[in-house]
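Residue numbers begin at 1 in each chain, while the letters A, B, ... track the order of the sequences.
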Amino acid sequence: MSDKKINILLLILFVLFAGLGTYQGRRVEFYRECEAFYRWILAIGTQERLFQTSEGEQKTEKFVDLKLFDRVSEKAIPILQSEERVPGNIDNTLSYRENFANIIGDISNDPIIWKLTLRKEMDELRKEFLKSLREYKIEFSRNINYAEAQESGVNIFNLFFGFRKIAASLIWLEVDRYWHQGLLYRMVPLMRTCVTLDPNFVEAYLIGAWHLAYNATAKLIDTPQHLKKWNPKYKACVGEKETFYYLAIDFLKKGIRHNPRDYKLYFDLGFAIYKNKMNDYPNAVRYLTEAVRVPHERWVRRQLYICQELNDQYEEALQGWEDYKKRFPDNPVAPRFILRNQGKIYEKKAQELIKEAEEINDEQLKTEKITEANNLKKQAKEIWKKLSSEESDPYGDYRLLLMDAMDLYNEGRYLESIAVLDKARWESPSNFDEASDLIIKIKQEANLPLTISEKKSVLRKSEGDRCQGMPEDIPNSG
Amino acid sequence: MKSLLDTVKGPWYIAVYTWREGLRRKTLVGFLILSLLVIFGATFMTSFINQATVGDVTTDMDLKLIKDICVTTISIFGILITIFISASVVPTEIENRVIYTVLSKPVRRFQYLFGKFLGIQLIIIMNLCLMGGLFFIALYIKQQILPTLLLWSVFLTYFEFLIVSALTFAVACASSSSVLPTIAGLFIYITGSLTEYLKDVYNRSGQTGEWLDSLIGYIAYILWNVLPNLQRFSLKTQIINSQPNDPPTDVLIPQLVIYGLIYAVCGYILAYWIFRKREV
């Protein structure tokens, strides 16, 4: 072959491969765009499903996330419905937005959502998303390099060797140093810098929230309810400690938006903050339920069932523990909690029957109901005995004493009832407050003198749950 | 069949020779030792950081630090090794006049060049394996789970290096000294990493309404399309801390591999085109 021909052949080959490279580059670019769009859908879907009710609509006019999400939902739901991809998840009574947010909430639907973002029908919306991203109108998509590159041109730090992530790690070491020096006020801005540099730095969100909710509040005293101030953003009365709790909540929520598939963030929000610090069991159950929807460690479920029990959802807790026992037969905790929830279900049913009986005029029916309630009480007592003897759980003794005390109270034997309750509260210190409140209630009803601490407690309660600046139409702080 | 075997055998022997020669280069070994020290140092340093326990969750701060430091180290030293070796293999042989001895043998220029390119890739792979291997062991010791995502990250890093290596190799084929190709290699890497800027230029063009503004925009758009964009490989840092079974990652990895291979072939064709015209 002549030299010229070889040159032409090489030229053709070079142009051909350069063209192929261009084509492949466009393909990669397309997938990167889809990826940015997909991650934004996950973030805004999580925001919509979990935080929308607590934070209200997107107030800042500048951002178009929700409007765009509405349009994406309107397009996505009919596509998914027509292809019967997720028939079980679509509820016709809900709006497109709510339905789509629910579909996003299920991790098993991730491949479906990904395929949806690749579809031609989504081209227009994807382009609009990227355009909005470039115009800084998107609030919830700063967690992938591509999206960031589109949003702020190209970041030099981001380009070379992933320096940003390492910078975030090094700043975190500084945060750790400040923590050991007790310079808490210096830590907070640095923690924010860390997660700005690396929004996928899950540990920074976890430890940051822990510092805020636990360490920052360790030496603070409880603010009396009447000195707390109403916070319209959180719709709650907020004192010194609560301010830090809500800062921790906001920090974790930010982490969840950027990492909606990480159970640790949901777990910490539900367990470490809402359950342990705020005793807000409905929210604890809500976020722990989210934690078990994504891949998680086996103990996460246990905390969910404990919170369900605390939130009076005994049936759900019992079902959960039974399922847990089947999966992990070696677990020593499950049998104890199964008994606890069984006992509470019997007690709850007995109380419901007594309430029903009080409202019925037919004597025969009334007697039947009361007999049934007494049988249920007996069954509950059997369970509490079993819990005490087989599982050595003091809670069993406490519930037995409590039931005895309530029986005595119902018979009008107030002094004996108080004596039994006094014994019960020392048997199970974790239930001290519950038993003390009952003692006060019985003493007040029987016109018996209160102790000084009991009088103080009554006084505190009489002040109510109102705080400074609380709107009149809200009955209590919640 | 025999001739086909001979066609393959020749480049393979040259590749092995290049690889052995690479092992003897003090600069490369220096880079490698330095990178291994940093990776080891990261593991050592993070062992002083106490694991914090938040609620019932034990956070993996040390793990995150190891990952970030090691990925950065692999990128920095890996690219230096890649550029240095790709820029020096052919010019050194021309300088030492070894090339004349080799080409006087029944070896065609295509085979010689292919052997050299293969040898360079062997060195890069070996270095990546050593650095990635140590990183892998460090992570495995810390978390007691096989860090499979790390393997994907290192795998993608190789294809990023492959593009830089092929283009630097093409420049090296036109040069008789390794200084110019080394500078060119660094320039290729920086340019490749900044290609995304061109899209930004295109997006902002046309705002003044002047024809020159639009023209610059179109040129930027063409260049953005044609030039290799190393920013696309940023997935390698993204996946290291992400969750497994992520649908976009599963699709993007093979796409990036194909992307890397195509530009590597492009670079090799360019190298051969330049080299066959050289009077050696």
- Query: Taking atom CG of B/D68 and atom CH2 of A/W172, what is their separation to the nearest 0.5 Å?
  - Reply: 13.5 Å

- The side chain to side chain donor-acceptor pair (under 3.5 Å) partners of B/Y221 (sequence neighbours excluded) come to A/R26

- How would you list, in number order, the residues of residues 161-174 of chain B that have a heavy atom less than 4.5 Å from chain A? none

- Name the member of A/L118, A/N7, A/T117 that forms the most heavy-atom pairs with chain B at distances under 4.5 Å. A/N7

- Item | Step-by-step side chain to side chain contact (heavy atoms under 4.5 Å, CB included) determination, B/R204 to A/R134 | CA-CA 10 Å; B/R204 286 162 199 259; A/R134 280 194 290 272; over 6 Å; no

- Query: If you measure from CZ on A/R32 to CD on B/Q231, what distance do you get to the nearest 0.5 Å?
  - Reply: 7.5 Å

- Query: Checking B/K67 against chain A: side chain, backbone, both or neither under 4.5 Å from a heavy atom?
  - Reply: neither

- Any salt bridge between A/E33 and B/K199, counting N to O under 4.0 Å? yes

- Message: Measuring from atom CD1 of A/I6 to atom OH of B/Y272, what distance do you get when rounded to the nearest 0.5 angstrom?
- Response: 6.0 Å

Name every donor-acceptor pair, under 3.5 Å, that has one atom in a side chain of residues 250-267 of chain B and the other anywhere in the protein, sequence neighbours excluded.
{"residue": "B/Q255", "atom": "OE1", "partner": "A/Q24", "partner atom": "NE2", "Å": "2.7"}
{"residue": "B/Q255", "atom": "OE1", "partner": "A/R27", "partner atom": "NE", "Å": "3.2"}
{"residue": "B/Y259", "atom": "OH", "partner": "B/N229", "partner atom": "N", "Å": "2.8"}
{"residue": "B/Y259", "atom": "OH", "partner": "B/R232", "partner atom": "NH1", "Å": "2.9"}
{"residue": "B/Y263", "atom": "OH", "partner": "B/V226", "partner atom": "O", "Å": "2.5"}

- Item | Pick from A/D3, A/D110, A/V15 with the largest number of heavy-atom pairs that fall under 4.5 Å of chain B | A/D3

- Message: Can you list everything that forms a side chain to side chain contact (heavy atoms under 4.5 Å, CB included) with B/S205? Sequence neighbours excluded, please.
- Response: B/Y202, B/D213

- Item | Interatomic distance, B/I269 atom CD1 to A/L11 atom CG [nearest 0.5 angstrom] | 10.5 Å

- Per-residue tally against chain A (heavy atom, under 4.5 Å) across B/T73, B/L227, B/D246, B/V201 peaks at B/D246

- Message: For chain B, which candidate among A/L16, A/I273, A/L20 shows the most heavy-atom pairs at distances under 4.5 Å?
- Response: A/L20

- Note, A/W114 side chain near B/P248 side chain (heavy atom, < 4.5 Å): yes

- Output for pair (A/E135 CD, B/N203 CG), nearest 0.5 Å, gives 10.0 Å

